[in-house]
S.K.: 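My questions all concern the structure below.
This is a predicted model, so every value here is computed, not measured. Lettering of chains follows the sequences in order, A, B, ..., and the numbering in each one begins at 1.
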Amino acid sequence: MITPRLLHADAPVGTALPELRHQVTATTVVLGALATRDWRPMHHDHEFAVTRNGTRDIFLNTPSQAAWFERYVTDWTGPHGRLRRMRFRMHGSVFPGDTMVLAGTVVEAGVDTTGCGWVALDVALSVDREAKTTCRAEAALPLGPDDNPWERTGDRWCP
Amino acid sequence: MTDPMGAPVPERIGVAQYRTQSDFPVERGYVWTSCASVENGNPLYWDDAVADEVTGGPVAPPTMVSVWFRPHHWAPGRTSDVLPLQVHFDLKDHFGLPEAVMTDNTIVFHEPVRMGDRLVTLQVLRSVSEEKRTRLGTGRFWAIDVEYRNQHDALVAVESYTGFGYRRRPAEGGGEADGS
């Protein structure tokens, strides 16, 4: 049996997640766009991004940023962590040459009416300490070593 | 107000539109490409023994849900562009707003998406604002829900977007321009 890496009791409000730093390159941007089947030119065509979008370069697309946020959260929870919801707000773009930093904190924790333990995290994706995208993510965490949020279905899963 | 489909915009609020089946079943190649693009080493996606025990078999990363609906860049016989969030583009056309950004995006995850699933999506316009003036330009905000279901009609996710369509002012702002 695979033991959960993180239990609900291990993540009280105020818990800070380890930072994730990543050097963004043109490959990061283009790979993210292709992996999310996003063929729009401002994610691979420098000239288009500059002349049509008025940005300084191509930039990370939203679905790719969602994948970065998911990776960040589940790096922390381990495989038993199950995302309930994510909300993003974009404040600025992330370009090749940027070092992006993801940082997050547990801001709420609880157990819902079905007995599912959950935490809410405020996560920011920043460049040079300026938040480019902010995210509120909620994840279900096991309440004990025998609990597994992924086994919840139908009325027992209320995200 | 009449939209490009011929129905007044207020009458389209709350109405399910553009029901679409994904072009191809959920498959692992794309899951691995997605995980590789963000260096996601979650063993649920790489180790079948872990997936079997924890999720009852391989699943796709929840945030990939919209990936399965983005049309191929080209398809034989196709003569016009297929746009993944058609309601958004309808509103841009209707109001004559050449630029747009997505300012807000919420995804709620329900049943897991599994390999081989054939997903269906539909779009629901929730609201359209009066004309507003912002630092980007003058335009309107709108809210659109995209619902995703699997082949058993089980809800797998609901994605909610807030878009702002506008006529440009000389400024660069946040959000993601749609490039159209």
S.K.: Apply the test side chain to side chain contact (heavy atoms under 4.5 Å, CB included) to residues A:Val29 and A:His44: give CA-CA distance (whole Å), side-chain angles for both, the deciding distance (0.1 Å), then the verdict.
M.R.: CA-CA 7 Å; A:Val29 176; A:His44 63 261; over 6 Å; no
S.K.: Tell me, for A:Arg82 versus chain B, whether the close heavy atoms (under 4.5 Å) come from the side chain, the backbone, both or neither.
M.R.: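 When you check distances to chain B, only side chain atoms of A:Arg82 fall under 4.5 Å.
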S.K.: With chain B, which of A:His80, A:Glu138, A:Glu151, A:Arg85 has the greatest number of heavy-atom pairs at distances under 4.5 Å?
M.R.: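 The answer is A:Arg85.
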S.K.: What do the steps show when you test B:Val101 against B:Tyr166 for side chain to side chain contact (heavy atoms under 4.5 Å, CB included), and what is the final call?
M.R.: CA-CA 8 Å; B:Val101 291; B:Tyr166 63 98; 4.2 Å; yes
S.K.: Which residues in residues 21-30 of chain B have any heavy atom closer than 4.5 Å to a heavy atom of chain A?
M.R.: B:Phe24, B:Tyr30
S.K.: Of the listed residues (B:Gly56, B:Ser34, B:Ser37), which shares the most heavy-atom pairs with chain A below a 4.5 Å separation?
M.R.: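 When all of B:Gly56, B:Ser34, B:Ser37 are compared, B:Ser37 has the most.
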S.K.: Heavy-atom pairs under 4.5 Å with chain B are the metric here; pick the option from A:Ile2, A:Leu31, A:Asn148 that has the most.
M.R.: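 Heavy-atom pairs under 4.5 Å are most numerous for A:Ile2.
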S.K.: Would you call the rings of B:Trp46 and B:Trp32 parallel, tilted or perpendicular, where under 30° means parallel and over 60° means perpendicular?
M.R.: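 B:Trp46 and B:Trp32: parallel rings.
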S.K.: Does a side chain donor of either B:Asp145 or B:Gln123 reach within less than 3.5 Å of an acceptor in the other side chain?
M.R.: no
S.K.: We want to know whether A:Asn61 and A:Gln65 form a side-chain donor-acceptor pair, criterion being a heavy-atom distance below 3.5 angstrom.
M.R.: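 The answer is no; no qualifying pair exists.
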S.K.: Would you kindly confirm whether A:Trp150 and A:Trp118 end up in one hydrophobic cluster when ILVMFWY residues are joined by side chain heavy atoms under 4.5 Å apart?
M.R.: no
S.K.: Look at B:Arg70, B:Glu159, B:His110 and state which one has the largest set of heavy-atom pairs under 4.5 Å with chain A.
M.R.: B:Arg70
S.K.: Of the backbone (N, CA, C, O) and the side chain (C-beta and beyond), which part of A:Arg89 lies under 4.5 Å from a heavy atom of chain B, both, or neither?
M.R.: both
S.K.: Counting heavy-atom pairs under 4.5 Å with chain A, which one of B:Val59, B:Asn42, B:Ile107, B:Leu44 comes out on top?
M.R.: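 Most heavy-atom pairs under 4.5 Å with chain A: B:Ile107.
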S.K.: Heavy-atom pairs under 4.5 Å with chain A are the metric here; pick the option from B:Leu155, B:Val54, B:Val158 that has the most.
M.R.: B:Val54
S.K.: For residues B:Leu85 and A:Trp39: do they belong to one hydrophobic cluster (side chain heavy atoms under 4.5 Å, members Ile, Leu, Val, Met, Phe, Trp, Tyr)?
M.R.: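 Linked, B:Leu85 and A:Trp39 end up in one cluster.
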S.K.: Could you verify whether a donor N or O on one side chain and an acceptor N or O on the other, from B:His72 and B:Arg78, lie under 3.5 Å apart?
M.R.: no
S.K.: Using a strict cut-off of less than 4.0 Å between a Lys/Arg side-chain nitrogen and an Asp/Glu carboxylate oxygen, indicate whether B:Asp104 and A:Arg87 qualify as a salt bridge.
M.R.: yes
S.K.: Before accepting this row, confirm whether a basic side-chain N of the pair A:Asp112/A:Arg84 lies closer than 4.0 Å to the acidic partner's carboxylate O.
M.R.: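 Salt bridge between A:Asp112 and A:Arg84, a charged N being under 4.0 Å from a carboxylate O: yes.
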S.K.: Checking heavy atoms, do the side chain of A:Trp157, its backbone, both or neither come under 4.5 Å from chain B?
M.R.: side chain
S.K.: Carefully, step by step, assess A:Phe69 and A:Met86 under the rule side chain to side chain contact (heavy atoms under 4.5 Å, CB included).
M.R.: CA-CA 9 Å; A:Phe69 280 113; A:Met86 298 177 94; 3.3 Å; yes
S.K.: Is chain A contacted by the side chain of B:Pro61, its backbone, both, or neither, given a heavy-atom distance below 4.5 Å?
M.R.: both
S.K.: Measure B:Phe69 against the heavy atoms of chain A and call it side chain, backbone, both or neither at under 4.5 Å.
M.R.: neither
S.K.: Quick check: is B:Met115 connected to B:Tyr45 through a chain of hydrophobic side chains (ILVMFWY, heavy atoms under 4.5 Å apart)?
M.R.: yes
S.K.: Would you check, one step at a time, whether the test side chain to side chain contact (heavy atoms under 4.5 Å, CB included) holds for B:Val113 with B:Tyr148?
M.R.: CA-CA 10 Å; B:Val113 174; B:Tyr148 302 93; over 6 Å; no
S.K.: Looking at B:Lys132 and B:Glu130, is any side-chain nitrogen of the basic one under 4.0 Å from a carboxylate oxygen of the acidic one?
M.R.: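 Not counted as a salt bridge, because no side-chain N and carboxylate O are separated by less than 4.0 Å.
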S.K.: Please answer whether the main-chain N or O of B:Pro98 pairs with a side-chain N or O of B:Lys92 as donor and acceptor at a distance below 3.5 Å.
M.R.: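 Present.
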S.K.: Between B:Ala51, B:Pro71, B:Ala49, which residue shows the highest count of heavy-atom pairs closer than 4.5 Å to chain A?
M.R.: B:Pro71
S.K.: Do B:Glu111 and A:Arg152 sit within salt-bridge range, that is, some charged N less than 4.0 Å from a carboxylate O?
M.R.: no
S.K.: Could you tell me which residues in residues 10-23 of chain A have at least one non-hydrogen atom under 4.5 Å from a non-hydrogen atom of chain B, sorted by residue number?
M.R.: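 Answer by number: A:His22.
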S.K.: Quick one: what part of B:Asn105 sits under 4.5 Å from any heavy atom of chain A, side chain, backbone, both or neither?
M.R.: both
